[in-house]
Amino acid sequence: LRESEKRLNEAQHLTHVGSWDWDIAKDTLSWSDEIYEIFGLKKHEFASYEAFMDSVHPDDKAAVQEAITIALKGIKPYSIDHRIMLPDGQVRTVHEQGDVQFSSDGRPCRMIGTVQDVTEARQKDLELSKLSAAIEYSVNIVFITDIKGTIEYVNPTFEQVTGYSKDEAIGQTPRILSSGEVSNETYEELWSTITSGKTWRSTVKNRTKSGGYYWCNSVISPIMDSRGKITHFLAVQEDITEKTVSEEKAVYLARFDALT
């Protein structure tokens, strides 16, 4: 039994997951060692539901209370993310979930569950959310391909400029944008550069779905995993069509008389 408990504590420590048991009738809580670690408390400092609520972030108390009340009524299982305040003032985010056990007369008598420290995971989720929003609302054309060059993502600006919808573009390759005026040597240089782990930059002329053309400053970079292996390619293109057309018109007017 001691060996089993030791292994359980080690497993919970590695995963930052603690387990708890709430005797509702007696209003006593039993926590595993990892929960005390998560809350930054010494063992056995918690003894009641009220003591637990004291560590819940003030702005999250109402939501936690509501989630517990709903669970005790048997309406919905207890599952919630909320913040906690550690004794040193540090704020952490935990995910809690639990199941309620009911007596023969339908009264809640026991609630068992887990607490997991998800602070870093939620911070990464927030960063990814910000990055995703930046790409979605970017004024530049953005698309991502897999290692073989198959398009997996395009942003709204891609759709607006190229005329291809997201559904039409995904599963295709960037060849659908080929104007036919870019040399094979240029494409070979592009592929050789990005597959070697470097970023490729150039100004290219692409073709829209309707048959029109647009010019763009293109930057294509490899995306690598934690081991340095290339998994995807990210293309960011700045539409410079108006600028290019204006420059070509200026050159034309410098060479030819508009009246003749």
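All values below were derived from every heavy atom in this structure, side-chain atoms included, with hydrogens, water molecules and symmetry-related copies excluded. We number each residue from 1, following the sequence as shown.
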- Derivation of the side chain to side chain contact (heavy atoms under 4.5 Å, CB included) call for Thr145 and Thr173: CA-CA 8 Å; Thr145 75; Thr173 70; over 6 Å; no
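- At most 12 heavy atoms of other shown residues, nucleotides or ligands fall within 6.0 angstrom of atom CD in Glu66.
- Follow the hydrophobic side-chain contacts under 4.5 Å out from Trp200 and you never reach Phe143; the two are in separate clusters.
- The side-chain heavy atoms of Arg207 and Leu177, taken from C-beta on, include no pair separated by under 4.5 Å.
- Taking CG from Leu234 and CD1 from Ile223, the interatomic distance works out to 5.0 Å, rounded to the nearest 0.5 Å.
- No donor-acceptor pair under 3.5 Å is formed between the side chain of Ser192 and the backbone N or O of Glu188.
- Within the 4.5 Å cutoff, no side-chain heavy atoms of Ile24 are placed close to those of Arg110.
- Checking side-chain atoms of Thr193 against main-chain N and O of Glu189 turns up a donor-acceptor pair under 3.5 Å.
- A heavy-atom distance below 4.5 Å is not found between the side chains of Thr162 and Lys209.
- Counting heavy atoms from C-beta outward, Ser79 and His95 have side chains that approach closer than 4.5 Å.
- Side-chain atoms of Asp167 and Ser165 include no donor-acceptor pair closer than 3.5 Å.
- Salt bridge annotation for Arg107-Asp105: present, with a cationic side-chain nitrogen under 4.0 angstrom from a carboxylate oxygen.
- Going from atom OG1 of Thr93 over to atom CG of Leu126 covers 10.0 Å, rounded to the nearest 0.5 Å.
- Side-chain N or O atoms of Thr157 include one that pairs as donor or acceptor with a backbone N or O of Ser138 at under 3.5 Å.
- Within 6.0 Å of NZ on Lys61 lie more than 12 heavy atoms contributed by other residues, nucleotides or ligands.
- Counting only heavy atoms from C-beta outward, the side chains of Ile84 and Ile38 approach each other to under 4.5 Å.
- Proximity of a side-chain donor or acceptor of Asn140 to a complementary backbone N or O of Val236 within less than 3.5 Å is not detected.
- The CE atom of Met111 sits 10.5 Å away from atom CG of Leu29, with the distance rounded to the nearest 0.5 Å.
- Residues Glu136 and Pro156 share a closest heavy-atom pair of O-CD, 3.2 Å.
- Asp60 contributes a side-chain N or O that, together with a main-chain N or O of Arg83, makes up a donor-acceptor pair within less than 3.5 Å.
- Side-chain contact between Arg201 and Thr199: present, with at least one pair of heavy atoms (C-beta onward) separated by less than 4.5 Å.
- Under the 3.5 Å distance criterion, with hydrogens and angles disregarded, no donor-acceptor pair is assigned to the side chains of Asn206 and Ser179.
- Side-chain contact check for Thr69 and Gln65: at least one donor-acceptor pair (N or O, by modelled atom type) lies under 3.5 Å.
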- Task: Report the C-alpha distance between Glu34 and Ser19 in whole Å, list the side-chain angles of each, state the deciding distance to 0.1 Å, and finish with yes or no for side chain to side chain contact (heavy atoms under 4.5 Å, CB included).
- Result: CA-CA 8 Å; Glu34 185 58 23; Ser19 56; over 6 Å; no
- Might you work through the side chain to side chain contact (heavy atoms under 4.5 Å, CB included) test for Phe52 and Trp20, ending with a clear yes or no? CA-CA 11 Å; Phe52 156 69; Trp20 49 270; over 6 Å; no
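- Note that OG1 of Thr119 is 7.5 Å distant from CD of Gln90, once rounded to the nearest 0.5 Å.
- Interatomic distance, NE2 of His232 versus CD1 of Ile194, reported as 13.0 Å (0.5 Å rounding).
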- Task: Take Val154 and Tyr164 through the test side chain to side chain contact (heavy atoms under 4.5 Å, CB included) and record every step on the way to the result.
- Result: CA-CA 10 Å; Val154 300; Tyr164 288 98; over 6 Å; no
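- Annotation: the span from Arg92 atom CZ to His57 atom NE2 amounts to 13.5 Å, rounded to 0.5 Å.
- Annotation: side chain of Val115 is in contact with side chain of Phe39 (closest heavy-atom distance under 4.5 Å).
- Side-chain contact check for Trp22 versus Ile68: some heavy-atom pair is nearer than 4.5 Å.
- Clustering ILVMFWY residues whenever any of their side-chain heavy atoms sit less than 4.5 angstrom apart, transitively, puts Ile35 in the very cluster that holds Leu86.
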